[in-house]
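Just so you know, residue 1 is the first one in the sequence shown, and it goes up from there.
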Amino acid sequence: MPVVGQSALTLAAGVVALLAYAAAAARAERVFHPLRWALTVGWLAHAAALILDTSGVGSAVEGARFGFAPALSVTLWLVLAVYAIESRFVPLPGVQRWLAALGALAVALMLLFPGEVRPHIASPWLPLHWVLGIASYGLFGAAVLHAGLLTNAERQMRQHRGLSQPTPLGLPLLRLEKLTFRFVAAGFAVLSAALLMGWWFAQPWRWDHKTVFSLLAWLVFAGLLAGRQGFGWRGRKATRWLYTGAGLLLLAYVGSRFVVEVLIQRAASGASL
């Protein structure tokens with residue numbers, strides 16, 4: 001499965017996204033409107049780069065292409081989409097600066113490591129399995145970021161405020177916690193559908209690293225939701241389960257593809273010299 005460079009259109013969209021994200025990350029927090037416009041331009045250019053890159057438009061090689069860097073890039077794009085909606089109701093300028101920096105890093109990685117071309121797929125339904133898997137990455141990514149905000153807000157409010165008071169982000173703590181676990185529940189549902197479709201349409205079914213880590217992540221998330229529903233888990237215990245499940249899910253595809261596309265290929269290239 002060859003690794004090929006991006007088309008000129010993909011590179012152009014990627015450069016625009018990088019510049020816009022960099023502008024958004026460099027803006028002072030008090031200058032919110034220019035920050036939001038720069039972030040929006042970066043997000044749209046990021047989407048164009050992803051579509052052009054994964055579809056192979058303008059590329060010399062036909063076929064679907066994906067890898068660890070495009071997967072991370074799509075995940076960050078989805079998380080930015082979530083925050084683009086939330087920012088209309090809750091001001092999140094500081095968070096958006098960090099997301100702009102992460103978006104720029106994701107685009108840079110996608111341009112440096114475009115992934116492998118897959119001219120033939122086993123089933124026409126398999127791309128839907130990929131889409132669902134990446135969508136679960138985005139939902140759990142949003143849950144992790146909300147959990148980080150929740151942990152930080154709890155730490156700041158523990159001494160001075162009650163749980164019903166607004167957090168430094170302007171959102172009551174209990175509402176922020178509820179929103180976090182809505183993302184967990186949605187991500188769990190999408191991940192379950194992705195695993196089911198992978199099992200149903202992938203021929204033959206393989207117990208590889210991706211499958212094992214995905215199932216372990218599924219079990220952790222199932223345990224988290226069951227513990228919260230049955231035992232009222234919250235706070236550090238709940239977030240630790242969330243971080244563990246997200247880490248396993250990250251290793252499932254991104255980690256395994258990073259090893260194959262970067263470490264193994266570089267070792268093979270060095271051995272051939």
Side-chain angles (χ1 to χ4, degrees), residues 6 10-27 35-55 65-88 90 92-115 130-150 169 179-180 183-184 186-187 190-191 194 214 217 242-243 245-258 261-262:
Q6 291 89 349
T10 301
L11 289 173
V15 169
V16 172
L18 278 173
L19 293 175
Y21 280 148
R27 289 283 186 178
L35 167 66
R36 185 169 60 187
W37 278 110
L39 196 63
T40 301
V41 171
W43 183 78
L44 292 173
H46 191 172
L50 285 169
I51 294 171
L52 292 168
D53 192 36
T54 56
S55 64
R65 178 172 62 188
F66 217 60
F68 85 93
L72 280 178
S73 194
V74 174
T75 300
L76 261 298
W77 185 87
L78 290 170
V79 173
L80 279 164
V82 169
Y83 272 89
I85 297 172
E86 282 191 324
S87 64
R88 295 189 174 274
V90 181
L92 300 170
V95 175
Q96 288 188 343
R97 286 190 70 191
W98 281 105
L99 287 178
L102 290 173
L105 178 61
V107 172
L109 285 174
M110 183 183 70
L111 296 178
L112 290 171
F113 304 101
W130 298 343
V131 169
L132 290 173
I134 296 303
S136 71
Y137 265 61
L139 289 167
F140 284 122
V144 166
L145 284 174
H146 281 78
L149 296 174
L150 181 65
L169 296 173
L179 185 60
T180 301
F183 280 115
V184 173
V190 174
L191 177 61
S214 296
L242 173 56
Y243 295 150
L248 289 169
L249 190 60
L250 192 67
L251 289 173
Y253 185 82
V254 173
S256 61
R257 295 312 306 173
F258 175 80
E261 295 173 23
V262 179

Test item: Ser73 and Leu50 side chains (from C-beta on) under 4.5 Å apart, heavy atoms:
yes
Distance check, rounded to the nearest 0.5 Å: Leu145 atom CG versus Leu102 atom CG?
7.5 Å
Contact check, side chains of Phe140 and Phe183, non-hydrogen atoms, under 4.5 Å
no
Donor-acceptor pair, Trp77 side chain versus Trp43 backbone, under 3.5 Å?
yes
Is there a side-chain contact between Leu18 and Leu111 in this structure, where contact means two heavy atoms from C-beta onward sitting under 4.5 Å apart?
yes
May I ask you to test the Leu78-Tyr137 pair for a side-chain heavy-atom distance under 4.5 Å?
no
Gap between atom CG of Leu72 and atom CG of Leu250 - 0.5 Å precision
6.0 Å
Distance-minimising heavy-atom pair for Ala100 and Ala25
CB-N, 3.8 Å
On the 0 to 90° scale, with breaks at 30° and 60°, tag the Phe113-Phe68 ring pair as parallel, tilted or perpendicular.
tilted
Might you point out which heavy atoms bring His46 and Gly103 nearest each other, and give the distance in Å?
CE1-O, 4.5 Å
Evaluate the side chain to side chain contact (heavy atoms under 4.5 Å, CB included) criterion for residues Met110 and Val74: first the C-alpha distance (whole Å), next the side-chain angles of each, then the deciding distance (0.1 Å), finally the verdict.
CA-CA 10 Å; Met110 183 183 70; Val74 174; over 6 Å; no
Please step through side chain to side chain contact (heavy atoms under 4.5 Å, CB included) for the pair Val184 and Leu139, ending with a clear verdict.
CA-CA 7 Å; Val184 173; Leu139 289 167; over 6 Å; no
So, for Gly42 and Ala17, which heavy atoms are closest and what is the spacing to 0.1 Å?
O-CB, 3.7 Å
Just do the side chain to side chain contact (heavy atoms under 4.5 Å, CB included) check on Leu249 and Ser136 with the steps written out, would you?
CA-CA 9 Å; Leu249 190 60; Ser136 71; 4.3 Å; yes
For Ala194 versus Leu132, what's the shortest heavy-atom pair and its separation?
CB-CB, 3.7 Å
Contact summary for Ala252 and Ser214, nearest pair of heavy atoms
CB-OG, 3.3 Å
Rounded to the nearest 0.5 Å, how far apart are CG of Leu11 and CG of Leu52?
10.0 Å
To check you understand the geometry: which heavy-atom pair defines the closest contact between Gly141 and Val79, and what is its length?
C-CG2, 3.9 Å
Nearest 0.5 angstrom please: Leu242 CG to Leu150 CG, how far?
10.0 Å
